[in-house]
Amino acid sequence: MTYKVAVIPGDGIGKEVTVQAVNVLKAVGEKYGFDFEMTEVDAGGCAIDKYGKALPEETLKACQQSDAVLLGAVGGPKWDTLPGDQRPEQALLGLRKGLGLFANLRPAVLHQALKEASPLKPEIIGDGLDVMVVRELTGGIYFGERGREGDTAYDTEAYSKYEVERIARVAFDIAMKRDKKLMSVDKANILESSRLWREVVDNVAKEYPEVTVDHMYVDNAAMQLVRNPKQFDVIVTSNMFGDILSDEASMITGSIGMLPSASLGESKPGMYEPVHGSAPDIAGQGKANPLAMIVSAAMMLRYSFDLTAAADAIENAVSKVLDSGYRTGDIISPDMKLVGTEEIGRLVIENL
Ligand code: NAD
């Protein structure tokens, strides 16, 4: 089987970490008997330099014609003075829109070997953490009607039954592949849109009798994530609540260089990218941690191609590298072995 993947290295360390993820994908493909037709395309600052826009039509077209998209990171100081609508980050918005990506998946996984990186106490972390935040990405207050009237400004939160149903299904499907435990987060004691959200989630739940579903108010969820994060398996929530909670959940793992993400639409292709940016401060020095990108590639195998064994193999190889004490600078601690981007990539392949 050959999978078509559009690869967007982007800017800064995006380019460095993407090479490593591509190498890991090729190696895992060889081991498990599948392969990739990869098309490298430009987006972000490098596309502005070459084509005058962050998301050239050819790039979007190549992505739309692929089975999945792998993206490094975009942006950098060189383009910081451009007006908002011409900046490299516009490429991300254009891709989300052009690919109809409405679900954002942000796993917050804290490996046992990196326990000391978490700002939380060891007794709260236990033997590690694994929470998945599923955020609705194209509705809610970020897209509702907004404006100003005299001295007043307003933003509107609106959700349709259809929008809630489709994100709920994504979350239930993921819960089925994990511990079958779903927490829906809202503010149903105040917001009408949250009351609809709750009703719809409960209705969709009938299609998934094996999944235990609970509801929590967002203020409580923010607190519970630092008080007892282990109570969560999958969290599903609206665009704004998800924006905030996914950052909170990821930060309790303590390292931005370790965090992958996926954005999914109704049909393929999904887009997979690390949570971090282009890290201009360390770009070009071979220091970047490629693990977030490599684990994003594992998510691609799991969620776009249903290649569970191959995805597990990558994640296990990453754990083994960490267990053997190898670290990039961002996650280094005393007594650990400091290595660079390429070396970590090579070690992951060696451990596959
Ligand atoms: P950043 O994530 O690029 O960097 C924040 C800090 O974390 C830096 O000190 C950096 O060195 C470190 N870091 C990040 N990833 C790392 C890795 N893999 N290994 C080691 N260290 C790592 O965030 P920023 O500095 O706020 O943004 C830099 C640029 O990236 C900006 O232009 C921003 O707009 C852009 N950005 C892009 C994306 C994206 O493409 N999805 C996301 C966030 C920021």
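From a predicted model like this one, the values you see are computed outputs, not experimental measurements. Position 1 is the first residue of the sequence; numbering continues from there.
Using modelled atom types, no side-chain atom of T212 and backbone atom of K181 make a donor-acceptor pair closer than 3.5 Å. Judged by distance alone, with hydrogens and angles left aside, the side-chain atoms of Q86 form no donor-acceptor pair with the main-chain N or O of P83 at under 3.5 Å. Using modelled atom types, one side-chain atom of K15 and one backbone atom of G10 make a donor-acceptor pair closer than 3.5 Å. The main-chain N or O of D179 is found under 3.5 Å from a side-chain atom of D233 such that the two form a donor-acceptor pair. Looking at T156, its side chain does come within 3.5 Å of a backbone N or O of E145 through a donor-acceptor pair. Looking only at distances, a side-chain donor or acceptor of S118 sits under 3.5 Å from a matching main-chain atom of I252. The main-chain N or O of K4 is found under 3.5 Å from a side-chain atom of D67 such that the two form a donor-acceptor pair. The closest donor-acceptor contact from the side chain of N239 to the backbone of G139 lies under 3.5 Å. R106 places a side-chain N or O within 3.5 Å of a backbone atom of S246 that can act as its donor or acceptor partner. Under the 3.5 Å distance criterion, the side-chain polar atoms of T328 are left unmatched by any main-chain donor or acceptor of A288.
Shown here for S296 and S261, the closest heavy-atom pair between the two residues is OG-N, 3.7 Å. Contact record, V234 with A175: CG2-CA, 3.9 Å, taken as the closest heavy-atom pair. Of all heavy-atom pairs between A62 and A6, the closest is O-CB, 4.1 Å. Contact detail for F102 and E266: the closest heavy-atom pair is CE2-N, 3.4 Å. Between M293 and A21, the shortest heavy-atom contact is CG-CB, 3.6 Å. When all heavy atoms are compared, the tightest approach of A221 to M216 is CA-SD, 3.5 Å.
Once rounded to the nearest 0.5 Å, the distance linking CG of L264 with OG of S304 reads 6.5 Å. Between the CZ atom in F36 and the OG atom in S66 there is a gap of 12.5 Å [rounded to 0.5 Å]. Distance OH/Y303 to OG1/T308: 9.5 Å, rounded to 0.5 Å.
Linking ILVMFWY residues whenever their side-chain heavy atoms come closer than 4.5 Å, directly or via other members, places Y272 and Y3 in the same cluster. Hydrophobic clustering (ILVMFWY, side-chain heavy atoms < 4.5 Å, transitive): L137 and V204 are in distinct clusters. Cluster annotation: L105 and V213 are assigned to the same hydrophobic cluster (Ile/Leu/Val/Met/Phe/Trp/Tyr, side-chain heavy-atom contacts under 4.5 Å, transitive). In the hydrophobic clustering of this structure, V19 does not group with V24; members are Ile, Leu, Val, Met, Phe, Trp, Tyr whose side-chain heavy atoms approach within less than 4.5 Å, directly or through other members. Residues V275 and F241 fall into different hydrophobic clusters, defined by Ile, Leu, Val, Met, Phe, Trp and Tyr side chains chained together at heavy-atom separations under 4.5 Å.
By the 6.0 Å contact criterion, CD on E207 is enclosed, its count of non-hydrogen atoms from other residues, nucleotides or ligands being greater than 12. For E30, the CD atom counts as loosely surrounded, since its 6.0 Å shell holds 12 or fewer non-hydrogen atoms of other residues, nucleotides or ligands. More than 12 heavy atoms of other residues, nucleotides or ligands lie within 6.0 Å of NZ in K337, so this atom counts as buried by the packing criterion. Around the CD atom of E342, the shell of radius 6.0 Å holds no more than 12 heavy atoms that belong to other residues, nucleotides or ligands. Counting non-hydrogen atoms of neighbouring residues, nucleotides and ligands closer than 6.0 angstrom, the NZ atom of K177 exceeds 12 such neighbours.
Counting only N and O atoms by type, the side chains of R96 and S263 include no donor and acceptor under 3.5 Å apart. The closest side-chain donor-acceptor pair between Y51 and E58, if any, does not fall under 3.5 angstrom. Side chains of Q224 and R227: a donor on one and an acceptor on the other come within 3.5 Å. Judged by distance alone, the side chains of T18 and E16 never bring a donor and an acceptor atom under 3.5 Å apart.
A salt bridge links K230 with D127: the distance from a Lys NZ or Arg NE/NH1/NH2 to an Asp or Glu carboxylate oxygen falls below 4.0 Å. At a threshold of 4.0 Å, the pair K161-E199 does not count as salt-bridged, since none of the basic side-chain nitrogens sits closer than that to a carboxylate oxygen. A salt bridge is defined here as a Lys NZ or Arg NE, NH1 or NH2 lying under 4.0 Å from an Asp or Glu carboxylate O, and K187 with D219 meets this definition. Using a 4.0 Å cut-off between a side-chain N of Lys or Arg and a carboxylate O of Asp or Glu, D11 and K78 do not qualify as a salt bridge.
Residues I244 and E248 form no side-chain contact, since every pair of their non-hydrogen atoms from C-beta on lies 4.5 Å or further apart.
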Walk me through it: do M258 and T253 pass the test side chain to side chain contact (heavy atoms under 4.5 Å, CB included)?
CA-CA 9 Å; M258 297 292 306; T253 70; 5.7 Å; no

Quick one: do E136 and T138 satisfy side-chain hydrogen bond (donor to acceptor under 3.5 Å, both in side chains)? Show the steps, please.
CA-CA 6 Å; E136 201 287 328; T138 53; 3.3 Å; yes

